[in-house]
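Notes to accompany the following structure.
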Amino acid sequence: ITVNGTLTTTTGGTLNLGVNQLLGTLNTIAHNGTIQTQNTSATPFTPGKAWGGTIVFNGSAAQSIPESTFANLTLNIASGASIAGNVTVSGTLTNNVGIGGLIIKSDASGTGSLIHNTSGVAASIGRYVSGGWSSWDAGWHILSSPVASQAISGFSTSGANNGYDL
């Protein structure tokens, strides 16, 4: 489905794309209803847009969430939905599948990002770490989950001459 111009959905209305992609310039998006997608391509709809209303990913196979800003995002995919770019949800993020329903990916080409305000959203998060000892900055990596009020000294080892202290 290609829309070059304005896409309008009404409050309370549903546009079910099925397995079709929603592409085009989409110069203006006046989306106040619900858009459902079962598309399993990397771009089920035009990325980099601000989507009002609610977007529902409800395919029967794994789906990709394109880099975009969503008012509300709902995940109903047993096989999971993955984020490889920057995704922002300004309203409600609903993951009805659990930890396997939302996967934030990371690989040599980049790391996915999810910014939202909904508490208690289960997700699986990957972090790509380069390996090897080919340069001064390869080999050791300090990793941590986001924490508040934690001094870095709490993450280091103790003892003299152990070679691991910061």
Side-chain angles (χ1 to χ4, degrees), residues 1-132 141-148:
I1 300 170
T2 302
V3 176
N4 290 319
T6 301
L7 172 69
T8 302
T9 62
T10 59
T11 302
T14 299
L15 172 59
N16 188 344
L17 298 171
V19 297
N20 299 298
Q21 286 180 288
L22 176 59
L23 301 173
T25 59
L26 293 165
N27 297 332
T28 304
I29 300 172
H31 171 49
N32 298 306
T34 300
I35 295 178
Q36 297 178 356
T37 180
Q38 295 86 42
N39 185 281
T40 57
S41 73
T43 53
F45 44 83
T46 303
K49 301 291 184 179
W51 298 90
T54 300
I55 303 291
V56 179
F57 285 81
N58 59 354
S60 58
Q63 292 182 270
S64 297
I65 301 172
E67 189 164 308
S68 295
T69 298
F70 302 94
N72 300 292
L73 181 63
T74 300
L75 308 174
N76 291 327
I77 315 112
S79 299
S82 61
I83 295 172
N86 297 321
V87 171
T88 300
V89 181
S90 60
T92 302
L93 172 60
T94 305
N95 178 2
N96 291 321
V97 184
I99 198 165
L102 177 59
I103 302 155
I104 303 172
K105 291 191 159 197
S106 179
D107 59 28
S109 64
T111 298
S113 168
L114 174 62
I115 298 171
H116 68 93
N117 294 317
T118 305
S119 63
V121 176
S124 176
I125 301 169
R127 179 66 176 127
Y128 174 79
V129 178
S130 61
H141 302 277
I142 296 176
L143 299 176
S144 170
S145 60
V147 293

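- Using a 4.5 Å heavy-atom cutoff, the side chains of L93 and L114 are in contact.
- Annotation: side chain of N27 is not in contact with side chain of T6 (no heavy-atom distance under 4.5 Å).
- More than 12 heavy atoms of other shown residues, nucleotides or ligands fall within 6.0 angstrom of atom NZ in K49.
- Side-chain contact check for V3 versus L22: some heavy-atom pair is nearer than 4.5 Å.
- Looking only at distances, no side-chain donor or acceptor of N4 sits under 3.5 Å from a matching main-chain atom of G24.
- Between the side chain of S68 and the backbone N or O of P47 there is no donor-acceptor pair closer than 3.5 Å.
- Not a single donor-acceptor pair under 3.5 Å links the side chain of S64 to the backbone N or O of P66.
- Interatomic distance, I115 CD1 to S90 OG, rounded to the nearest 0.5 Å: 11.5 Å.
- A donor-acceptor distance shorter than 3.5 angstrom exists from the side chain of H31 to the backbone of G52, with no hydrogens or angles considered.
- The shortest side-chain heavy-atom distance between L17 and I35 falls under the 4.5 Å cut-off.
- Side chain of N95 to backbone of A122: a donor-acceptor contact under 3.5 angstrom is found.
- Using modelled atom types, no side-chain atom of Q63 and backbone atom of I77 make a donor-acceptor pair closer than 3.5 Å.
- Checked by atom type, the side-chain pair T37/N39 shows no donor-acceptor distance below 3.5 Å.
- T94 contributes no side-chain N or O that, together with a main-chain N or O of T74, makes up a donor-acceptor pair within less than 3.5 Å.
- N58 and Q38 share a donor-acceptor pair across their side chains, judged by distance under 3.5 Å alone.
- Residues S79 and S60 have side chains not in contact (no heavy-atom distance under 4.5 Å, counting atoms from C-beta outward).
- Between atom CG of residue L102 and atom CG of residue N96 there is a gap of 12.0 Å, rounded to the nearest 0.5 Å.
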What verdict does the side-chain contact (heavy atoms from CB on, under 4.5 Å) test give for R127 and T111, after you've listed the backbone C-alpha separation in whole Å, the side-chain angles of each residue and the deciding distance to 0.1 Å?
CA-CA 7 Å; R127 179 66 176 127; T111 298; 2.9 Å; yes
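- No donor-acceptor pair under 3.5 Å is formed between the side chain of T69 and the backbone N or O of A50.
- Taking OH of Y128 as the reference point, atom CG of D107 lies at 8.0 Å (rounded to 0.5 Å).
- Using a 4.5 Å heavy-atom threshold, the side chains of L75 and I65 count as touching.
- Residues T14 and Q36 bring no donor and acceptor atom of their side chains to less than 3.5 Å of each other.
- Between S124 atom OG and I99 atom CD1 the span is 6.0 Å, to the nearest 0.5 Å.
- At distances below 3.5 Å, at least one donor-acceptor pair connects side-chain atoms of T9 with backbone N or O atoms of N32.
- When the options N72, L26, V89, L73 are evaluated for a side-chain contact (heavy atoms from CB on, under 4.5 Å) with W51, the one that passes is L26.
- Below 30°, between 30° and 60°, or above 60°: for F45 and F57 the angle between ring planes is between 30° and 60°, a tilted geometry.
- Contact of the V121 side chain with the H116 side chain is registered, since non-hydrogen atoms from C-beta on lie closer than 4.5 Å.
- A pairwise comparison of heavy atoms in S113 and N86 identifies CB-OD1, 3.2 Å as the closest pair.
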